[in-house]
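Order of the sequence lines sets the chain letters (A, B, ...), proteins ahead of strands, with each chain counted from 1. Given the structure is predicted, the values throughout are model-derived calculations rather than measurements.
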Amino acid sequence: MATETSLKESRAGDLAAGLDALESPVIVEQRPWWRDAWHSVWPVLAALAAIVAVWQIAYVLELKPSYALPSPADTWSAFVSSVSDGTAGRAVSLSLQRAAVGFSMSVVLGVAIGIALAASSLLRRAFGPIITGLQTLPSVAWVPAAIIWFQLTNQAIYAVILLGAVPSIVNGLLAGTDQIPPLYLRVGQVLGARGWTRIRYVLLPAALPGFLGGLKQGWAFAWRSLMAAELITYSAKLGIGLGQVLDIGRETSDMPLVVAAISLIFLVGIAVELLVFAPIERHVLRARGLTGRVSTS
Amino acid sequence: MTTATAAGGPGTDAPAAVAARLTGVSHHFGETTRPPVLDGIDLTVAPGEFVCLLGASGCGKSTLLSLVAGLDKPTAGTVEVPTGRPALMFQEPALYPWLTAGENVELALRLRGVGRGERKAESVRLLDLVRLEGAHGKRVHELSGGMRQRVALARALAQEGDLLLMDEPFAALDAITRDVLHDELTRIWSDTGRAVLFVTHNVREAVRLGQRVVLLSSRPGRIAREWQIDIPQPRRIEDPDVSALSLEITEHLRNEIARHGH
């Protein structure tokens with residue numbers, strides 16, 4: 001009798017183990033990353049080549065005088081010389097430092113405001129529409145006010161970045177919390193998550209995928225706001241960031257320098273997106289099984 | 001001690017001679033002029049008892065569980081759960097996808113104040129208990145439906161309350177997986193000595209698992225009838241005794257539903 005029971009027990013164990021083995025999702029191996037990368041990179045390169053070709057044709061046809069429309073080759077050599085003499089590197093590194101500091105402050109402030117608004121429906125009804133409205137206000141509109149408050153200082157620049165980026169980050173966090181499945185919140189309640197533990201262990205991690213979109217948008221706004229602020233707050237003691245390079249180019253009618261600066265602003269924006277945000281997003285989505293990598297066969 | 005009191009009902013300091021006691025519980029959604037979802041429910045679950053709550057759709061079974069879990073307060077009557085916050089399992093596993101299986105269990109331990117050092121060992125022990133020895137570091141999306149529901153069971157067991165509430169936890173699983181989980185639940189129930197209040201619309205499942213089956217009527221939800229089940233565990237869902245009693249209870253359930261047909 002005893003052996004019969006233990007035999008039954010082990011049969012039951014086998015059955016459970018068999019079900020687990022058969023029904024576990026199969027994790028499909030990914031293609032090598034460089035094939036995916038090439039898949040998305042070559043059309044971009046082709047498009048860039050087409051744009052340069054059109055530019056060259058416009059230059060040859062002399063649609064504009066050459067000081068206003070320099071050749072791609074002259075622009076390239078201006079770009080190369082600004083990189084090789086170090087001006088580009090110094091401008092990029094100064095602007096990136098400002099952007100990093102300003103964006104970090106925006107994240108801290110945006111998350112704090114976002115949590116307050118997510119936690120209180122009254123606060124959200126009161127400030128939500130204003131914050132959404134601020135998002136549509138071009139941050140360059142804040143530059144005069146920032147200069148009156150802080151004169152031509154880094155504080156003025158940071159103020160413009162904050163006013164530009166914080167609304168996006170707040171709205172991103174709110175969008176993230178709105179998308180949380182109600183069941184996750186009920187589970188948190190059942191497990192006894194209250195107050196800060198509810199925010200820390202349920203609300204914030206559950207909102208993260210939606211919030212990442214807000215962070216990316218916040219970065220884009222921070223970068224744009226910084227350029228607007230640098231372009232206007234030209235001062236010897238502030239140092240030369242990318243926006244100030246643009247202003248020098250305008251003052252000296254140096255079109256190749258202007259185009260080189262625009263290219264750098266563009267490249268830095270893309271590089272941060274690709275090197276910082278894309279990997280974080282990939283990591284978060286993959287950890288949650290949201291990348292379509294799993295097939296249940 | 002969790003006591004939800006409404007309509008001036010007295011909160012009592014009874015010793016933990018019960019796992020849960022509902023006295024005259026009625027519940028309305030929204031306006032009280034509409035018929036109540038639950039009406040005059042008196043129900044006691046003894047410590048270590050396995051009670052199955054059976055009823056057709058719309059009889060307020062899930063509402064009843066929410067009241068016992070303390071997620072809602074009853075419009076009238078009292079709900080007492082002297083042994084602390086009960087655990088509640090849903091039809092979906094509702095595991096947090098940003099955590100591994102083990103971390104999901106550890107979160108329940110952390111939220112009841114278990115220290116960092118003990119959490120790891122305790123979560124390993126609980127996953128062993130539901131036969132998921134190797135799954136501690138697995139992500140939720142790497143587990144099958146049955147495995148996810150067992151992690152959810154381990155998480156529920158990680159809560160300190162001596163009462164486990166289950167809201168049709170196996171309804172979304174296939175028959176063989178459900179059968180395996182019935183065996184597991186019976187084994188874990190008799191090992192841990194927890195009281196279980198198990199909601200289902202599946203009569204055979206109720207008879208397979210419960211020591212007592214309570215049939216609820218629909219609209220308003222009232223206790224229509226109770227059966228004490230003396231068939232020894234472990235039972236099989238295809239046992240003749242289980243089948244016979246299931247037929248009898250099904251007949252009553254049909255009658256309850258048919259009352260609404262005219």
Side-chain angles (χ1 to χ4, degrees), chain A residues 5 8-28 176 180-198 200-212 283-297, chain B residues 65-66 69-71 84-100 103-104 107-113 130-135 138-148 150 152 155-156 158-161 165 167 173-174 176-177 179-181 183-184 187 234 236:
Chain A
T5 323
K8 250 183 165 173
E9 275 269 301
S10 80
R11 277 274 313 271
D14 286 349
L15 182 58
L19 278 175
D20 289 351
L22 288 174
E23 295 195 347
S24 291
V26 178
I27 308 294
V28 182
I180 298 175
L183 194 57
Y184 290 173
L185 302 177
R186 274 175 88 77
V187 168
Q189 213 181 341
V190 168
L191 295 179
R194 301 264 182 285
W196 173 245
T197 53
R198 176 169 174 274
R200 163 73 182 78
Y201 295 112
V202 183
L203 222 53
L204 288 181
L208 188 57
F211 177 48
L212 279 177
H283 174 79
V284 167
L285 295 184
R286 184 175 298 171
R288 296 173 190 220
L290 296 173
T291 45
R293 208 164 51 105
V294 177
S295 89
T296 38
S297 54
Chain B
L65 278 198
S66 303
L71 299 179
R85 191 200 332 280
L88 173 56
M89 268 181 78
F90 301 93
Q91 183 172 331
E92 296 84 33
L95 301 172
Y96 289 151
W98 57 90
L99 302 173
T100 62
E103 286 166 348
N104 268 285
L107 180 61
L109 296 166
R110 181 198 290 264
L111 290 174
R112 65 174 252 218
V130 297
R131 301 198 209 247
L132 283 173
E133 290 80 3
K138 286 253 169 65
R139 291 279 174 177
V140 175
H141 67 270
E142 297 173 304
L143 305 173
S144 71
M147 292 162 91
R148 287 177 203 181
R150 272 142 66 203
R155 179 175 67 182
Q159 293 189 247
E160 64 191 326
L165 307 172
D167 192 356
L173 301 172
D174 66 272
I176 291 184
T177 304
D179 203 31
V180 167
L181 284 175
D183 293 345
E184 297 288 308
R187 174 178 63 81
R236 310 278 328 148

Trainee: Select, from A/Ala206, A/Pro209, A/Ala193, the one with the greatest count of heavy-atom pairs under 4.5 Å involving chain B.
Mentor: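 Going by pairs under 4.5 Å, I would pick A/Ala206.
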
Trainee: Please list, chain by chain and in numerical order, all residues satisfying salt bridge (Lys or Arg N to Asp or Glu O under 4.0 Å) with B/Asp179, sequence neighbours excluded.
Mentor: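 By the salt bridge (Lys or Arg N to Asp or Glu O under 4.0 Å) rule, B/Asp179 matches B/Arg236.
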
Trainee: So which residue, A/Thr197, A/Leu183, A/Asp20, A/Leu19, ends up with the most heavy-atom pairs under 4.5 Å with chain B?
Mentor: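 Option with the top pair count is A/Asp20.
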
Trainee: If you count heavy-atom pairs under 4.5 Å between each of B/Leu99, B/Leu71, B/Thr100 and chain A, which one has the most?
Mentor: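 Of the options given, most contacts go to B/Leu71.
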
Trainee: Which residues satisfy the side-chain contact (heavy atoms from CB on, under 4.5 Å) test with B/Arg110, sequence neighbours excluded?
Mentor: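 B/Arg110 satisfies side-chain contact (heavy atoms from CB on, under 4.5 Å) with A/Tyr201, B/Leu107, B/Arg119 only.
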
Trainee: Would you indicate whether the side-chain heavy atoms of B/Arg155 and B/Pro93 approach each other to under 4.5 Å?
Mentor: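 Contact flag for B/Pro93/B/Arg155 side chains = no.
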
Trainee: Rounded to the nearest 0.5 Å, what separates atom CG in B/Asp167 from atom CE in B/Met89?
Mentor: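 CE of B/Met89 is found 10.5 Å from CG of B/Asp167.
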
Trainee: Where on B/Ile176 is there a heavy atom nearer than 4.5 Å to chain A: the side chain, the backbone, both, or neither?
Mentor: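 Contact with chain A is through both the backbone and side chain of B/Ile176.
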
Trainee: So B/Leu132 and B/Lys138, side chain to side chain contact (heavy atoms under 4.5 Å, CB included) or not? Walk me through it.
Mentor: CA-CA 10 Å; B/Leu132 283 173; B/Lys138 286 253 169 65; over 6 Å; no

Trainee: Report which part of A/Val202 has an atom under 4.5 Å of a heavy atom belonging to chain B: side chain, backbone, both, or neither.
Mentor: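 When you check distances to chain B, atoms from both the backbone and side chain of A/Val202 fall under 4.5 Å.
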
